[in-house]
Amino acid sequence: MDAANDAIATAALGLQPQTVELRRRIHRHPEIGLDLPHTQAVILSALEGLGYRVTTGSGCSSVVATLEEDQGPTVILRADMDALPLAEETGLSFSSGIEGAMHACGHDTHVAMLLGAARILSERRSELAGRVVLMFQPGEEGFAGAQVMLDEGILEPVLPDAAFALHVITYWPAGRILTRPGAMLASADVFRVVVRGRGGHASSPHLALDPIPALLEIGTALQTMVTRRVSVFDPAVVTVAHVDAGTTTNVIPETAMLEGTVRTLSADVREAVLGQIRVVAEGVAAAHGVAAEVAIEPGYPPTLNDAGMAARAIEVASGLVGADRAEIMDEPVMGAEDFSYVLEQVPGAMVFLSAGDPDAYEPVPNHSNRMIVHEPVMADGVALYAALAMSVVGKDR
């Protein structure tokens with residue numbers, strides 16, 4: 001560890017009590033979607049007196065904090081802010097006080113870590129030659145808050161030179177920092193198939209046009225389609241997760257419905273799979289003498305890390321925590337992230353911070369209502385945010 005990284009790591013450790021307190025305050029009051037007034041107020045209060053130029057969004061509860069010293073490159077550091085619609089069952093002393101809402105993906109830690117980095121960077125502003133933009137983003141969990149902030153001008157007046165986001169992952173034991181070049185996370189699109197037949201009595205299926213057999217065959221055919229039409233080296237995951245048909249035991253319904261998600265790692269495979277869903281559904285339905293209506297709801301695109309920025313993240317992490325804890329991932333994760341919208345326009349990288357309980361036999365994953373973050377890792381996150389920024393805009397970069 002060099003002297004600069006050592007100083008940043010030491011500063012992050014010194015801020016750990018404040019970082020934990022901020023995280024717990026946000027955790028107690030989770031908010032969902034794009035309107036997060038309590039979380040926004042916590043952020044604005046924590047930024048007071050640090051010398052940032054602060055603006056808030058008009059279409060959401062976003063916060064943009066800019067620290068600028070001299071002329072030079074621009075770096076974005078992003079933390080998402082929103083929670084999930086879950087009833088918390090962790091038993092923590094600072095559990096959610098809002099019924100049906102919980103920070104089950106670690107966004108509370110992201111905000112707290114970026115606020116810690118904000119303080120470190122403010123104290124080192126004389127060492128900066130460029131612009132740091134802190135992006136506190138609501139609505140990552142299905143509301144495309146990153147796109148809202150892009151539409152509101154987060155990349156203006158000049159296109160940033162780099163962008164980084166950290167994300168805690170609790171199904172890996174705490175202590176590792178991980179990223180990879182290229183595909184980091186998948187796209188996520190929703191498909192819905194409605195099969196329309198003709199209803200009738202269950203005793204006389206020949207007098208009806210039963211949509212259920214066609215629907216079930218479509219579900220099976222979609223799985224076969226993936227294995228036969230998509231390369232294993234550029235994979236896709238098609239999951240039928242919801243099926244609905246009929247109201248009772250002796251009535252053949254008029255319609256039957258299934259819906260699910262498609263996850264891919266490239267634009268080409270994404271387009272091909274979504275097109276094939278329509279072909280398969282309509283073809284199978286026609287063979288049964290019924291009709292299929294297919295609707296596609298586009299979701300987040302794949303999260304594609306810039307190779308150079310991913311390498312920079314590993315180099316910086318190695319300098320902070322040691323090369324044995326900074327890892328290049330062998331394969332991507334098939335979850336999705338709306339930081340992908342930023343990476344479509346700015347070279348950058350999403351970086352994972354493993355945060356599972358190191359003493360647990362089986363750490364609980366993100367999006368579980370029993371998810372617990374190992375809080376000591378937040379000092380690594382604070383230091384990494386700050387050091388990544390310094391690697392881009394520091395005078396000694």
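Just so it is clear, the structure is predicted and the values come from calculations on it, not from any experiment.
The environment of Asp324 atom CG is dense: over 12 non-hydrogen atoms of other residues, nucleotides or ligands sit within 6.0 angstrom. Few gaps surround CD on Gln223; more than 12 heavy atoms of other groups in view lie less than 6.0 Å from it. With a 6.0 Å radius and a threshold of 12 heavy atoms from other residues, nucleotides or ligands, Asp330 has its CG atom at or below the threshold. Within a 6.0 Å sphere centred on CZ of Arg229, heavy atoms belonging to other residues, nucleotides or ligands number 12 at most.
Minimum interatomic distance between Ala386 and Ile8 (heavy atoms only, all atoms of both residues): CB-CG2, 4.1 Å. The minimum heavy-atom distance between Val251 and Ala202, with the atom names listed, is N-CB, 4.2 Å. Closest heavy-atom contact between Val262 and Ile277: CG2-CD1, 3.4 Å. Nearest heavy-atom pair across Leu343 and Ala349 is CD2-N, 3.8 Å. Pairing each heavy atom of Leu36 with each of Pro138, the nearest pair is CD1-CB, 3.5 Å. Counting all heavy atoms, side chain and backbone alike, Arg263 lies closest to Ala186 at CB-CB, 4.0 Å.
Within the structure, ring-ring contact (aromatic ring centres under 6.0 Å, His included) pairs that include any residue of residues 321-345 comprise Tyr300-Tyr341 (at least two apart or interchain). Pairs engaging residues 234-278 under the ring-ring contact (aromatic ring centres under 6.0 Å, His included) rule: none recorded [sequence neighbours left out]. Listed by first then second residue, pairs satisfying ring-ring contact (aromatic ring centres under 6.0 Å, His included) with a partner in residues 53-99 read His27-Phe94, not counting sequence neighbours.
In this structure, a donor-acceptor pair under 3.5 Å is absent between the side chains of Thr66 and Glu68.
The shortest distance between side-chain heavy atoms of Leu47 and Val63 falls below 4.5 Å. In this structure, Val382 and Met113 have side chains that are in contact, with non-hydrogen atoms separated by less than 4.5 Å. Under the 4.5 Å side-chain criterion, counting only non-hydrogen atoms from C-beta, Glu89 is in contact with Arg370. The closest side-chain heavy-atom distance from Phe136 to Leu115 is below 4.5 Å. Side-chain contact between Ile314 and Thr179 is present, with at least one heavy-atom pair separated by less than 4.5 Å. The closest side-chain heavy-atom distance from Leu384 to Val316 is below 4.5 Å. Phe352 is listed as a side-chain neighbour of Leu185, based on a closest heavy-atom distance under 4.5 Å. Side-chain contact between Met371 and Leu86 is absent, with no heavy atoms from C-beta onward closer than 4.5 Å.
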TODO: Could you please spell out the steps behind the side chain to side chain contact (heavy atoms under 4.5 Å, CB included) verdict for Glu141 and Ile32?
DONE: CA-CA 8 Å; Glu141 297 289 356; Ile32 297 168; over 6 Å; no

Open item on the list: Before you tell me yes or no, could you show the steps for Asp234 and Asp268 under side chain to side chain contact (heavy atoms under 4.5 Å, CB included), namely the whole-Å CA-CA distance, both residues' side-chain angles and the distance that decides it to 0.1 Å?
Closed with: CA-CA 10 Å; Asp234 194 357; Asp268 289 344; 5.7 Å; no

TODO: Check step by step if side chain to side chain donor-acceptor pair (under 3.5 Å) holds for Thr239 and Thr261.
DONE: CA-CA 5 Å; Thr239 299; Thr261 63; 4.6 Å; no

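Residues passing the salt bridge (charged side-chain N to carboxylate O under 4.0 Å, His left out) test with Arg270, sequence neighbours excluded: Asp189. Glu31 pairs by the salt bridge (charged side-chain N to carboxylate O under 4.0 Å, His left out) definition with nothing, not counting sequence neighbours. For Glu337, the side chain to side chain donor-acceptor pair (under 3.5 Å) partners two or more places apart in sequence, or in a different chain, are Arg78. With sequence neighbours excluded, the residues that form a side-chain contact (heavy atoms from CB on, under 4.5 Å) with Ala360 are Asp357. Shown here are the side chain to side chain donor-acceptor pair (under 3.5 Å) partners of Ser187, two or more places apart in sequence or in another chain: Thr264. Partners of Glu293 according to the salt bridge (charged side-chain N to carboxylate O under 4.0 Å, His left out) rule, which considers only residues two or more places apart in sequence or in another chain, are Arg196.
Residue Met350 is not grouped with residue Leu388 when hydrophobic side chains (ILVMFWY) are merged at heavy-atom distances under 4.5 angstrom, including chains of intermediate members.
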Side-chain donor-acceptor pairs of residues 11-23 under 3.5 Å, sequence neighbours excluded:
{"residue": "Gln16", "atom": "OE1", "partner": "Ala379", "partner atom": "N", "Å": "3.4"}
{"residue": "Gln16", "atom": "NE2", "partner": "Glu375", "partner atom": "O", "Å": "3.1"}
{"residue": "Thr19", "atom": "OG1", "partner": "Leu15", "partner atom": "O", "Å": "3.1"}
{"residue": "Glu21", "atom": "OE1", "partner": "Arg25", "partner atom": "NH2", "Å": "2.8"}
{"residue": "Glu21", "atom": "OE2", "partner": "Arg25", "partner atom": "NE", "Å": "3.2"}
{"residue": "Glu21", "atom": "OE2", "partner": "Arg25", "partner atom": "NH2", "Å": "3.3"}
{"residue": "Arg23", "atom": "NE", "partner": "Asp108", "partner atom": "OD2", "Å": "2.8"}
{"residue": "Arg23", "atom": "NH1", "partner": "Glu375", "partner atom": "OE2", "Å": "2.8"}
{"residue": "Arg23", "atom": "NH2", "partner": "Asp108", "partner atom": "OD2", "Å": "3.4"}

Anything under 3.5 Å between a donor and an acceptor, one on a side chain of residues 203-213, the other on a protein residue two or more places apart or in another chain? List them.
{"residue": "Ser203", "atom": "OG", "partner": "His201", "partner atom": "ND1", "Å": "2.8"}
{"residue": "Asp210", "atom": "OD1", "partner": "Ile212", "partner atom": "N", "Å": "2.9"}

Please list every donor-acceptor pair under 3.5 Å in which a side-chain atom of residues 149-167 meets a protein atom from a residue at least two apart or in another chain.
{"residue": "Asp151", "atom": "OD1", "partner": "Gln147", "partner atom": "NE2", "Å": "3.0"}
{"residue": "Glu152", "atom": "OE2", "partner": "Ser58", "partner atom": "N", "Å": "3.2"}
{"residue": "Glu152", "atom": "OE2", "partner": "Ser58", "partner atom": "OG", "Å": "3.1"}
{"residue": "Glu152", "atom": "OE2", "partner": "Gly59", "partner atom": "N", "Å": "2.6"}
{"residue": "Asp161", "atom": "OD2", "partner": "Thr74", "partner atom": "N", "Å": "2.8"}

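Under the side chain to side chain donor-acceptor pair (under 3.5 Å) test applied with Glu69, the options Arg124, Lys395, Arg125 reduce to a single match, Arg125.
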